[in-house]
Amino acid sequence: MMKFLVTGFEPFGQSSINPSEQVVRHLAAMQFEEFGVATAVLPVHRTRGSEALITAVLQTQPDAIICLGEAGGRHAISIERVAINLMDYGLADNDGQLVQDAPIEPDGPAAYFTTLPVRKLMLAVQNGGIPAELSLTAGAYLCNQVTYELLHFLAKQQLDMPAGFVHLPFLPQQAAVRPGKFPSMALETMVTAVTTILTTLHTKLCGTITSARK
Ligand code: PCA
């Protein structure tokens, strides 16, 4: 049976809750008929974030990887297309480390495209009645960093498992304490959107495997 790794992040900044952690905890408690889902919650920490992600990949040996994170201010499920070789934190990590103008991997390429079928996933979420968009920047904080490190690791190891990142809007309770400034999305809606992403990816990958075996 195909296995996905889905990761979220712990809360950071002003928030005591992170929608990506909540979605991951929901998925961990769900049963899917056609595929398995392994989950991990990553620390918002300059070095430990990507270490935890790579460890989870090695431990779970997934067929595909979807990382999730919070992006307060976005109004839709935001599927990232690219990760850049830059740390330029607008906010210290949860350990108080603020890194600016520094490469993630001094000898690494400037950027990696994610390897998910991003447009297909966006359309599937939209067809399910949930706002979704493609994004050209995951920022220059931890979400971008773990995505870059993951894609760099997979490239170096010559592992061709599809991997990418999806940013989530604030939850309603996060927007409620920042009145009038931020869009939000209900947890249930985000769980449905991520489930749609997994189902769509499963169908695509099964098709690929089946036709490759023919
Ligand atoms: N969002 C941050 C880091 C952790 C998270 O959930 C980001 O967009 O980089």
Side-chain angles (χ1 to χ4, degrees), residues 5-28 39-57 65-105 111-114 116 118 132-153 163-175 177-178 181-187 189-191 193-194 197:
L5 172 64
V6 185
T7 69
F9 272 104
E10 66 182 9
F12 67 101
Q14 310 277 311
S15 286
S16 56
I17 189 167
N18 188 319
S20 65
E21 174 173 13
Q22 300 301 312
V23 168
V24 157
R25 297 211 181 284
H26 265 70
L27 291 174
T39 60
V41 176
L42 311 177
V44 177
H45 184 281
R46 186 178 63 83
T47 52
R48 280 189 238 128
S50 47
E51 279 166 15
L53 175 55
I54 304 299
T55 301
V57 173
I65 307 158
I66 311 276
C67 303
L68 306 173
E70 164 192 310
R74 303 230 183 150
H75 62 278
I77 300 295
S78 202
I79 302 168
E80 301 294 347
R81 305 184 80 136
V82 67
I84 58 172
N85 190 5
L86 174 69
M87 292 181 284
D88 194 34
Y89 298 0
L91 178 74
D93 72 5
N94 282 353
D95 192 36
Q97 303 183 67
L98 183 72
V99 191
Q100 286 176 319
D101 305 323
I104 298 168
E105 291 286 344
Y112 285 101
F113 286 112
T114 70
L116 298 175
V118 290
E133 65 183 5
L134 297 181
S135 163
L136 280 174
T137 175
Y141 192 43
L142 265 301
C143 292
N144 171 72
Q145 187 175 336
V146 302
T147 311
Y148 184 92
E149 291 281 33
L150 173 64
L151 295 167
H152 190 61
F153 168 80
F165 196 93
V166 178
H167 263 124
L168 306 172
F170 274 148
L171 289 162
Q173 59 268 48
Q174 296 179 288
V177 293
R178 300 164 173 87
K181 292 210 185 86
F182 290 97
S184 66
M185 190 179 277
L187 179 57
T189 309
M190 297 199 208
V191 172
V194 176
I197 287 173

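Just so you know, ligand 1 is whichever comes first in the structure, and atom 1 is the first atom listed for that ligand. The analysis underlying the following values was restricted to heavy atoms, covering all of them including side chains, and did not include hydrogens, waters or symmetry mates.
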Discussion item. Let me confirm one number: the CD-CD distance from Gln174 to Gln14, rounded to the nearest 0.5 Å.
Written reply: 11.5 Å
Response to the item:
By chain and number, the residues contacting ligand 1 below 4.0 angstrom (heavy atoms only) are Phe9, Phe12, Asn18, Val44, Gly69, Glu70, Tyr141, Leu142, Cys143, His167
Worksheet item: Side chains of Glu80 and Ser135: is there a donor and an acceptor less than 3.5 Å apart?
Response: yes
Worksheet item: Given Val41, which of Thr7, Leu68, Val24 fulfils the side chain to side chain contact (heavy atoms under 4.5 Å, CB included) condition?
Response: Val24
Response to the item:
Output for pair (Ile104 CD1, Leu86 CG), nearest 0.5 Å, gives 7.0 Å
Discussion item. Ring-plane angle category for Tyr89 and Tyr141, please: parallel below 30°, perpendicular beyond 60°, tilted otherwise.
Written reply: perpendicular
Item to complete: Using distance alone, with no hydrogens and no angle criterion, decide if Ser15 and Arg178 have a side-chain donor and acceptor under 3.5 Å apart.
Response: yes
